[in-house]
Number of protein chains: 2
Amino acid sequence: MDTEQTRRPTLDTVARAVGVSRATVSNAYNRPNQLSAGLRTRILEVADRLGYLGPDPVARSLATRKSAAVAFMLRSGLSSAFSDPALTIMLDALAATVDGRDHALVLLAGNESGGPRPDSVARAQADVVVAYSLPDTAPALTAVRQRRLPMVVVDQPATGGAARVELDDFGGTQAAGRYLTELGHRDFGVISLTLQPDGRNGPAAPERRTGSPFRVTRERLSGYIDALTAVGIAPEGVPVWEAATSDREHGRTAARWLLQQNPRPTALLCMSDELALGALQGARDVGLSVPQDVSVVGFDDTPPAGVADPPLTTVRQPLVEKGRLAGELALTLLDGGRPSRPVRLDVELVVRASSAAPIR
Amino acid sequence: MDTEQTRRPTLDTVARAVGVSRATVSNAYNRPNQLSAGLRTRILEVADRLGYLGPDPVARSLATRKSAAVAFMLRSGLSSAFSDPALTIMLDALAATVDGRDHALVLLAGNESGGPRPDSVARAQADVVVAYSLPDTAPALTAVRQRRLPMVVVDQPATGGAARVELDDFGGTQAAGRYLTELGHRDFGVISLTLQPDGRNGPAAPERRTGSPFRVTRERLSGYIDALTAVGIAPEGVPVWEAATSDREHGRTAARWLLQQNPRPTALLCMSDELALGALQGARDVGLSVPQDVSVVGFDDTPPAGVADPPLTTVRQPLVEKGRLAGELALTLLDGGRPSRPVRLDVELVVRASSAAPIR
DNA sequence: GGACTGTACTGAAGCGCTTCAGTAGAGTCC
DNA sequence: GGACTCTACTGAAGCGCTTCAGTACAGTCC
């Protein structure tokens, strides 16, 4: 007898209590115009009295094949969503766009392989997924495709009908590189984002630099290299440090190593502001001053770049715009819209005090 | 005929193809030891060939009543999770703790009422929920209780068996206030976090200051007031500005108004670093310098506080520890553990250059 | 060689909901 | 007053999976 008390009420409980069919109770919640206002009120009252909270989300999802959530696939741990400024700003804009759509945001953590495990994708309850800067080879991408979930990809090549927003990464680093060569720099060091999805951290031999599955890394590297070869610098001679993650600690380590090379670089080309900010510290560690002894350029133009000491010369990318666009594309797909042509965003070189002509 | 081709394969499809029962296919995925290794391999092969991705997450959730997700209830929009430094740092630590548990993180956006709408809570697919600094009266809390989901609350009173982690907010602001009175300050202005859940922004009359449903605001205000009354200052005479959200823009506006009051405060007591950072700018706006003309203290000790100009005197709270603890409590509840006694974290006054004795 | 024990697998009953094709009955129309 | 249309509601078939109580059968034991 008492078991009815302890079990959570369901549609059925309410239907029985009111003396109508289950379908009618369902309609009371989902299609108010399918029943008389009076009955509806009565149903809702009884439901309330019984402590029934409305249709169970999971059961509803099963029946409707919708889950009212947007999934976001991260390249690494959940934590990166809250600690990497470039990602945070983008997610912020994405969230703000998707907000008010009554969809929750599901964050899918990635691991070393670059992106979430396929089974956590298979398991995720979402109607649309946004992938951000995963390696082209990420198993997670295949999993999404197999589930036939609509997807928008950011900063990576589109695969099989995904909507895409991307950046002129190449143009950005090329501009930064050219700016430095024009200042007269000839000895460079590169602090790179991950080149290969094996979590390595350290100097990257030339073999490792080609065919990176990370579009962003690939493009940014090509842009820098392009600018250097344009003035006759041989790419193989340029030392590259590959940072396992984009944070200051890795940038610092990288800079310390690069500034020990011979010839010592007079300019450090970084692939993110966080790395560049770390490089600033690294230079200080080895007793060099920026920009007198060494110039440092970053990428992203996140807020810390502007207030760094010295303020960072960097390539500005429209992070907010990127997030907003990704959000809008996700909403379009959610409504059954077809993915439009890839959207490409422009970048802009922002010159500040961390760069100067080399001392002859 | 062809419809079989276009429909997504299910457990049944695979079972039929292999010629075994559905239960056996289910076992192949969930309880490998319940069938022979050979059969299992065969099933997995066929599944793979058919493009079957493994049990559908929603159906599985319905059958098991588990969803492999942790929900986080935000007081305001999704976006605050990525833009408020104090929140970001805590979430980062929480995420890092929960990570590797194969649970996704579901972010539930709040609205003006303070926290998510009850129906979005009712709809959320999660096994445990973490509530952060919601008003005591938040409908979302009731909804969680009705769903009988385990909950851990952070920075708010526990209700009905929730696990809790909280801060010595009172002690923190009391210490900050006392420090300033000891320096000789007697004229104060307070920049407060939201007092009442109606989204108001502006000067807060004394009626509005009592009985705030926000524990954090309540405690921090009491701490400040306590320190002031201790030296004979009447609380009603202290101007308080209530900021609708904790960001710099609001802090700036608040400071401009407070510094126009008569007598002009010689110290601004802020309830967050973001507000204090804005107050720094606000003081500058009206031609006052910090700390010569006016002292400013914050709360949180987020990274920007340390690098502000001038660096901010503030109350440090262990944000990382807070997030980590919340994560661990969530994991405990997830495993069916009972909530332990509330955990209370200590704070510490960090004196930097934004505060000084008033000029006589 | 009969009783017992595993092992490997199956059938069927849910999990809680949505939705579609109806049906009953009241109202409208000429 | 018969044909038609609405409105308000119901019955039942899923959605795709897990799980529990079996069953069948081979192996072990004395």
Side-chain angles (χ1 to χ4, degrees), chain A residues 3-4 6-44 47 50-68 119 122-125 127 146-148, chain B residues 3-4 6-43 46-47 50-68 119 122-125 127 146-148:
Chain A
T3 65
E4 273 302 308
T6 58
R7 233 174 175 328
R8 260 174 74 208
T10 72
L11 252 202
D12 233 14
T13 325
V14 178
R16 209 130 30 176
V18 179
V20 295
S21 80
R22 210 161 12 146
T24 302
V25 179
S26 173
N27 283 336
Y29 284 94
N30 303 312
R31 317 160 147 207
N33 64 329
Q34 295 289 304
L35 36 51
S36 61
L39 217 209
R40 174 150 194 267
T41 315
R42 215 168 87 233
I43 290 175
L44 263 25
L50 260 40
Y52 178 72
L53 274 170
D56 176 273
V58 177
R60 159 182 273 166
S61 282
L62 181 59
T64 58
R65 322 275 358 150
K66 295 247 157 281
S67 51
D119 63 299
R123 196 152 306 177
Q125 308 188 2
D127 299 326
Q146 283 191 31
R147 275 189 68 179
R148 309 208 188 139
Chain B
T3 65
E4 272 303 307
T6 56
R7 233 173 174 328
R8 260 174 74 208
T10 73
L11 252 202
D12 231 15
T13 326
V14 177
R16 208 130 31 177
V18 179
V20 295
S21 81
R22 213 161 13 144
T24 302
V25 179
S26 174
N27 283 336
Y29 284 95
N30 302 312
R31 319 160 145 205
N33 65 329
Q34 294 289 304
L35 35 50
S36 62
L39 216 208
R40 172 149 195 270
T41 315
R42 214 166 88 235
I43 290 175
V46 172
L50 260 40
Y52 178 72
L53 274 171
D56 177 273
V58 177
R60 159 183 273 165
S61 282
L62 181 59
T64 58
R65 322 270 4 149
K66 294 247 158 280
S67 52
D119 62 297
R123 196 152 305 176
Q125 309 190 1
D127 299 327
Q146 283 190 27
R147 275 189 68 180
R148 309 208 188 141

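Values below: every heavy atom of this structure, side chains too, minus hydrogens, waters and symmetry copies. Below, read A as the first sequence line, B as the second, and so on, with proteins coming before strands; counting in each chain starts at 1.
Atom-to-atom, CZ of A/R40 to P of D/dC9 comes out at 12 Å; the value is rounded to the nearest Å. Here the P atom of nucleotide D/dC9 and the CZ atom of A/R16 are 19 Å apart, to the nearest Å. Following rounding to the nearest Å, B/R60 (CZ) and D/dT18 (P) show an atom-to-atom distance of 5 Å. The nearest whole Å value for the distance from the OH atom in B/Y29 to the P atom in D/dG16 is 15 Å. Going from atom CG of A/L39 over to atom P of D/dT10 covers 7 Å, rounded to whole Å. Summarising the geometry, the separation between CG on B/L35 and P on C/dT7 is reported as 14 Å, rounded to the nearest angstrom. Atom-to-atom, CG of A/D12 to P of C/dC15 comes out at 10 Å; the value is rounded to the nearest Å. Rounding to whole angstrom units, NZ of residue A/K66 and C1' of C/dT18 are separated by 14 Å.
The phosphate of C/dC15 has neither OP1 nor OP2 within less than 4.0 Å of any side-chain N or O from B/R65. Between D/dT10 and A/S21, a contact under 4.0 Å exists linking OP1 or OP2 to a side-chain N or O. In this structure, B/S36 reaches the C/dC9 phosphate: one of its side-chain N or O atoms is under 4.0 Å from OP1 or OP2.
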Hey, what are the protein-to-nucleotides 22-28 of chain C N/O distances that come in under 3.5 Å?
none

Could you go over nucleotides 19-24 of chain D and give all protein N or O partners under 3.5 Å, atom names and distances?
none

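Residues passing the side chain to side chain donor-acceptor pair (under 3.5 Å) test with A/T64, sequence neighbours excluded: none.
Side chains of A/D56 and A/T10 form no contact here, defined as non-hydrogen atoms less than 4.5 Å apart. Within the 4.5 Å cutoff, side-chain heavy atoms of A/L35 are placed close to those of A/I43. A/L39 places a side-chain heavy atom less than 4.5 Å from the side chain of A/V18.
Proximity of a side-chain donor or acceptor of B/R147 to a complementary backbone N or O of B/A122 within less than 3.5 Å is detected.
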